[in-house]
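Here is the structure we will look at.
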Amino acid sequence: MYDSVKGFRDFYPEEMQARRWAMDTLEDVAQRYGFREIGTPALEPTEMYVDKSGEEIVEELYSFEDKGGREVALTPELTPTVARMFVAKQQELSKPIKWVSTRPFWRYEEPQQGRFREFYQTNVDIFGSAEPTADAEILAVAVEMLTDLGLTGEDFEIRVSHRDILAGVLESFGADVDVPEAIRAVDKRAKVDHDDYLDALVEAGLNYGQADKFDEMLQIDAEEIETLADLTGSEDVRAATDNLQAVLDAAEDFGVRDHLTVSLTTARGLDYYTGVVFECFDSTGEVSRSVFGGGRYDDLIEGFGGQPTPAVGFAPGHATLQLLCQRAGVWPAEELSTDYYVLQVGDTRPTAARIARDLRERGHVVESDVADRSFGAQMGYADGINAETVVIVGEQDLENDEVTLKEMDDGEQISVPLSAFPGDYDRPTFEDFAE
RNA sequence: UCCGGGUUGGGGUAGUGGUAUCCUUCAGCCUUGUGGUGGCUGAGACGUGGGUUCAAUUCCCGCACCCGGACCCA
């Protein structure tokens, strides 16, 4: 017996069926918006992350030298890869680019709830549009993915913020404020003591009076967001609040405004965000834990050697989504489902095989005996795979040119002429022949 | 990397310094044709390495893995 590697999981069919449903739900939404699926490598040059990712990510890299002496790493995130792909074909791609991808990523860190060393996420990105409509479309896709999973406004909330508003307000206090550091402090606001939070702001270059005033300004409601420009007298802030308002207006038209809450204290840690940022929170859980986040990152492509290209996207992790769905009671039962089991008794394989084929042509999941088992054992197996209907193709039935249809939930069964089965029915059951 | 709690047949459990309980599961049979619901028979476990001891699944230490937390964040 071998153990699996720490933080790497096996998924057995019951759970996989539920995960498949969730993945398909997410991808269907993206496909309906015209996001095109891309495929990406599991390995990239280690250098790409050392150059372009934060130090934390590099520390968590699974990296090694391959047999050709190349330093390679298992991809810890998709963004550098899509940036690389985009830059490589930038001239020939017609903008805006809308890409989607679901796949595993790897990070060497300590597993805990909703976090593993191998984890799956669905990345959704738009490249080449700086328009608020693009931000709003990303938000719409995010909301629709969640609602298609069966979640409602009771279960989640998307908090929207804007990096440029934070930066502009901070700068209005003085040119020497360390904006990234202050934003990191804001990002931690909910987790630390209020005094420590204020200390961190002071550390970033504000004085205590400014820190208080700044924090007060962050509490502002969506309706009053535009007053920030007058409060600070900053044109940068005005441009940023106008942009946020435009995104919210577009989100209104897209039918997802009700799921969005303006919350300037939502900052997100990553340095590369530039405009709108957002974070999805579990509103049912006692701990309001971040489920996933996203936002605009207009400078990143240029950093990869491309023409300056605006970009916006998000990437929900499947493990945390699963937790959210389970808490909300919308995660499907983790059990197998089977439409038909075609049971053979004696040498009835030719007929059983024909029936199984006919049913499969109608798109059903159909199993039949491949282990030469007894009647009772086959019935037990059919029960074990949750077969809804058993078609008994026995020697006795065939002597009368019949088969027996049995519904497994109530045990009712009926003989049906062989020539009439499956007949014209898409999904023939006991009911169809009961009269 | 750090902290806390775990690890007993495939799954779930009881228990003990002298190798282990019950439920379920699985296989077969009763029953060449009825599962979820009977009866019988059988299979199957103390994570790993070391220490203490006459004897360790039990006590001690290390490690691995699992669950959760810190850090960090997707």
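Computed from a predicted model, the values in this text were never measured in an experiment. Throughout, a chain's letter reflects where its sequence line sits, starting with A, and its residues are numbered from 1.
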Which residue lies more 5' along RNA chain B, comparing A:Glu110 with A:Asp410 via nearest heavy atoms: A:Glu110
Nearest-angstrom distance from the residue atom CE of A:Met408 to C1' of B:U34: 8 Å
B:U48 - base-pair partner by Watson-Crick or wobble geometry, distances under 3.5 Å: B:G62
Note: A:Asp28-A:Arg32 ion pair, threshold 4.0 Å (strictly below): no
Same-atom distance (C1') from B:C26 to B:C65, integer angstrom: 26 Å
Sugar-phosphate only, base, or nothing, as touched by A:Gly394 at under 4.0 Å among non-hydrogen atoms: base
Sugar-phosphate, base or nothing in reach of A:Glu109, heavy atoms under 4.0 Å: base
P-based separation of B:U57 from B:A45 [nearest Å]: 15 Å
Sugar-phosphate, base or nothing in reach of A:Leu343, heavy atoms under 4.0 Å: nothing
P atoms of B:C46 and B:U8, separation to the nearest Å: 10 Å
Modelled atom types, side-chain donor and acceptor of A:Glu388 and A:Thr338, under 3.5 Å: no
Upstream residue (5' side of RNA chain B) when A:Val345 and A:Tyr108 are each assigned their closest nucleotide: A:Tyr108
Nearest-angstrom distance from the residue atom OH of A:Tyr381 to P of B:G36: 17 Å
Pair assignment for B:A43, Watson-Crick or G-U wobble, requiring both distances under 3.5 Å: B:U25
Sugar-phosphate only, base, or nothing, as touched by A:Gly411 at under 4.0 Å among non-hydrogen atoms: base
Flag, side chain of A:His162 to backbone of A:Asp164, donor-acceptor distance under 3.5 Å: yes
Whole-Å distance separating the CD1 atom of A:Ile385 from the P atom of B:G36: 15 Å
Base of B:C73 paired with side chain of A:Arg107 (donor-acceptor, under 3.5 Å): no
Touch class at under 4.0 angstrom, heavy-atom based, for A:Gly7 against every strand present: sugar-phosphate
A:Asp372 CG - B:G28 P separation (whole Å): 11 Å
N/O donor-acceptor pair, side chain A:Gln413 with base B:U34, under 3.5 angstrom: yes
Interatomic distance where CZ belongs to A:Phe281 and C1' belongs to B:C73 [whole Å]: 12 Å
Base paired to B:G18 (Watson-Crick or G-U; both N/O distances under 3.5 angstrom): B:C54
Between B:C66 (P) and A:Asp10 (CG): distance, integer Å: 11 Å
Test applied, side chain to side chain donor-acceptor pair (under 3.5 Å); reference residue, A:Thr75; option that passes from A:Arg107, A:Arg103, A:Glu44: A:Arg103
Distance-only donor-acceptor test (3.5 Å): side chain A:Arg9, base B:C66: no
Separation of the C1' atoms in B:C67 and B:C29, to the nearest angstrom: 42 Å
Distance flag, aromatic centroids of A:Tyr425 and A:Phe433, threshold under 6.0 Å: yes
Rounded interatomic separation in angstrom, taking OH from A:Tyr49 and P from B:C73: 19 Å
For atom CD of A:Gln113 and atom C1' of B:G6, their distance in whole Å: 17 Å
Backbone of A:Gln344 reached by a side-chain donor or acceptor of A:Thr348 within 3.5 Å: no
Sugar-phosphate, base or nothing in reach of A:Ala382, heavy atoms under 4.0 Å: nothing
Sugar-phosphate, base or nothing in reach of A:Phe105, heavy atoms under 4.0 Å: nothing
Rounded distance in Å between the C1' positions of B:G51 and B:G10: 33 Å
A:Arg373 side-chain N/O to B:A27 phosphate OP1/OP2 under 4.0 Å: yes
Atom C1', compared across B:G15 and B:G68: separation rounded to whole Å: 27 Å
Base of B:G35 paired with side chain of A:Asp383 (donor-acceptor, under 3.5 Å): yes
B:G38 pairs with, by Watson-Crick or G-U criteria that keep both distances under 3.5 Å: B:C30
Pair A:Glu60 + A:Arg117: basic N to acidic O under 4.0 Å: no
Side-chain N or O of A:Gln112 closer than 4.0 Å to phosphate OP1/OP2 of B:C67: no
Inter-nucleotide P distance (B:U24, B:G18), Å rounded: 29 Å
Nucleotide opposite B:C2 in a Watson-Crick or G-U pair, distances under 3.5 Å: B:G69
Interatomic distance at C1', B:G47 relative to B:G9, whole Å: 14 Å
Pair A:Arg362 + A:Asp358: basic N to acidic O under 4.0 Å: no
